[in-house]
Amino acid sequence: MKYNTLLITGGAGFIGSNLAVNFKRKYPKLKVYALDNLKRRGAELNLPRLKENDVNFIHGDIRNPEDLVLGFDVDLMIECSAEPSVMAGLDNPLYIINTNLTGTVNCLELCRKQKADIIFLSTSRVYPYKAINKIKTIETDTRFAWSPDQHIPGWSEEGINEDFTIKGPKTLYGATKLSSELLLQEYIANYGIKGVINRCGVIGGPWQFGKIDQGIFTYWMLAHYFKKPLKYIGFGARGKQVRDLLHVDDLFILIDIQVSGLSGINGNIYNVGGGKEASLSLYEATRLCREITGNKIKISGDLETRKGDISIYLSDNSKVAQELKWKPKRNVKSVLSDIFTWVRNNDCHAFL
Ligand SMILES: NC(=O)c1ccc[n+]([C@@H]2O[C@H](COP(=O)([O-])OP(=O)(O)OC[C@H]3O[C@@H](n4cnc5c(N)ncnc54)[C@H](O)[C@@H]3O)[C@@H](O)[C@H]2O)c1
């Protein structure tokens, strides 16, 4: 590890806290700081774990440049702070713009001043929803699937790759993330810092305080475990919409590879997710959650498809697999089982 001090913004969140703990465990000499404003409900429950693992917590808000005057040197930042919900911002766009864009600019300024390199957690939502929903689908008993007979740049049955169009509305969440990506590329080009952008599909795993509009598969498992009702929303209300699912520890393995060879991949953008092999519909998630928990809960339907929602998203990992020899290790059942074990062994009841 060539870096001395890692700052993870959003470090008490799901991905941030898992990366912080994993980096500290693998590199005990690395100083790891987790900065978070604890806006996400449940983030506070990650604080004892950070402390136990010798990760220093800073209560700060990336929207305030003053909170990023740290008083110590940082040579690597992983930017994980965000309002990550696609539903957020609809009634308060300034909140999401300030958090996901102005906040990122403040983080980039810290990197510029301190000459710190950066890994940026972006999203598959930079790809526009209308273009994704235009890809023809067929319906199987348990899910939607893309029909094979199509020629669309950036698309194959494996998933969406980095050449897929970015033209068109993509939700405020996606737009603020894409804007941040553009600025990050300028900072890399102009200020001698190195960085990489990961456009992630759905990530899941322990210590994710999932909700209906973000962290859906963990939310599904929590609801099954605690026997709370659920709803299939939109697209016919039968739970056939599909996502790929990546375990957060598989994401750590990738980011560790990236950090160790940042010079060779500087400025690169990667689509990163579970991919076609680790994909599931909500209906399939229900079956797996029933099997794993032994609980069957009531699931109703809501026919109204939410604005900006998509019926299928699969990450095409070809580029990251080829360049970095990385591939997810865990299948969807093992991700869900891991979430189940975490819920069972920890007091997450207060959260739901
Ligand atoms: N989880 C996923 O499926 C997924 C998928 C694609 C991209 N991402 C991206 O990964 C990153 C982490 O997501 P996550 O799933 O861990 O979400 P999360 O909500 O669990 O973590 C985000 C953290 O940022 C903190 N935060 C929010 N606003 C802040 C601010 N102004 N200042 C400081 N901290 C602030 C929150 O309190 C929270 O702890 C985000 O950038 C998100 O866009 C996540």
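Just so it is clear, the structure is predicted and the values come from calculations on it, not from any experiment. Both ligands and their constituent atoms are indexed starting at 1 by order of listing.
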Undergrad: Give a yes-or-no answer on whether the side chains of Y283 and D141 include a donor-acceptor pair shorter than 3.5 Å.
TA: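 Judged by distance alone, the side chains do not pair up.
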Undergrad: Inspect the contact between D250 and K329 and indicate whether a charged nitrogen and a carboxylate oxygen are less than 4.0 angstrom apart.
TA: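 So K329 does not pair with D250 through a salt bridge.
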Undergrad: Suppose we measure from atom 26 (N) of ligand 1 to each protein heavy atom; which comes out shortest, and what is that distance?
TA: N37 OD1, 3.3 Å
Undergrad: Taking atom CD1 of I78 and atom CG of N198, what is their separation to the nearest 0.5 Å?
TA: 9.5 Å
Undergrad: What I want to know is whether K177 and ligand 1 share at least one N or O pair that is separated by under 3.5 angstrom.
TA: yes
Undergrad: Residue-level breakdown please: for T99 versus ligand 1, do any non-hydrogen atoms fall below 4.0 Å on the side chain, on the backbone, on both, or on neither?
TA: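 Near ligand 1, T99 shows its side chain, while the N, CA, C and O stay back.
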Undergrad: Pick, from F209, F14, Y95, the option with the minimum heavy-atom distance to atom 20 (O) of ligand 1.
TA: F14
Undergrad: Please write down residue, atom name and distance for the protein heavy atom closest to atom 16 (O) of ligand 1.
TA: I15 N, 2.8 Å
Undergrad: Kindly write out the residues that satisfy salt bridge (Lys or Arg N to Asp or Glu O under 4.0 Å) with K26, not counting sequence neighbours, or none if the list is empty.
TA: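 Partners of K26 by the salt bridge (Lys or Arg N to Asp or Glu O under 4.0 Å) criterion, ordered by chain and then number, come out as D256.
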Undergrad: Against heavy atoms of A43, which atoms of ligand 1 measure under 4.0 Å?
TA: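 Result: 39 (O).
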Undergrad: Any idea which protein heavy atom is nearest atom 1 (N) of ligand 1, and the distance to it?
TA: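 The closest one turns out to be Q214 NE2, 3.2 Å.
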Undergrad: For atom 6 (C) of ligand 1, what is the closest protein heavy atom, and at what distance to 0.1 Å?
TA: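 That would be C200 O, 3.3 Å.
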Undergrad: Give yes if a backbone or side-chain nitrogen or oxygen of Y173 is under 3.5 Å from a nitrogen or oxygen of ligand 1, and no if not.
TA: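 Looking only at distances, the answer is yes, because the N/O contact criterion of under 3.5 Å is met.
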Undergrad: Is there a donor-acceptor contact under 3.5 Å linking the side chains of Y127 and N271?
TA: yes
Undergrad: Return a yes/no value for T123: is any of its N or O atoms, backbone included, closer than 3.5 angstrom to an N or O of ligand 1?
TA: no
Undergrad: With the threshold set at under 4.0 angstrom, would you say R199 reaches ligand 1 through any of its heavy atoms?
TA: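 For ligand 1, residue contact (heavy atoms, under 4.0 Å) with R199 is absent.
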Undergrad: Any ion pair linking E284 and R287 (charged N to carboxylate O, less than 4.0 Å)?
TA: no
Undergrad: What protein heavy atom is closest to atom 32 (N) of ligand 1, reported as residue, atom name and distance in Å?
TA: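 Protein heavy atom at minimum distance: I62 N, 2.9 Å.
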Undergrad: How close does the nearest protein non-hydrogen atom get to atom 31 (N) of ligand 1, and which residue and atom is it?
TA: D61 OD1, 2.8 Å
Undergrad: Taking only Lys NZ, Arg NE, NH1 and NH2, and the carboxylate oxygens of Asp or Glu, determine whether K39 and E83 approach each other closer than 4.0 Å.
TA: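 So K39 does not pair with E83 through a salt bridge.
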Undergrad: If you look only at pairs with a residue in residues 304-325, which of them pass as a salt bridge (charged side-chain N to carboxylate O under 4.0 Å, His left out), with sequence neighbours excluded?
TA: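 Salt bridge (charged side-chain N to carboxylate O under 4.0 Å, His left out) check on residues 304-325 returns R243-D309.
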Undergrad: Considering only non-hydrogen protein atoms, determine which one is nearest to atom 39 (O) of ligand 1 and report residue, atom name and distance to 0.1 Å.
TA: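 Looking at atom 39 (O) of ligand 1, the protein heavy atom closest to it is D36 OD2, 2.7 Å.
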Undergrad: Side chain, backbone, both or neither: which part of S124 comes within less than 4.0 Å of ligand 1 when only heavy atoms are counted?
TA: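 Neither part.
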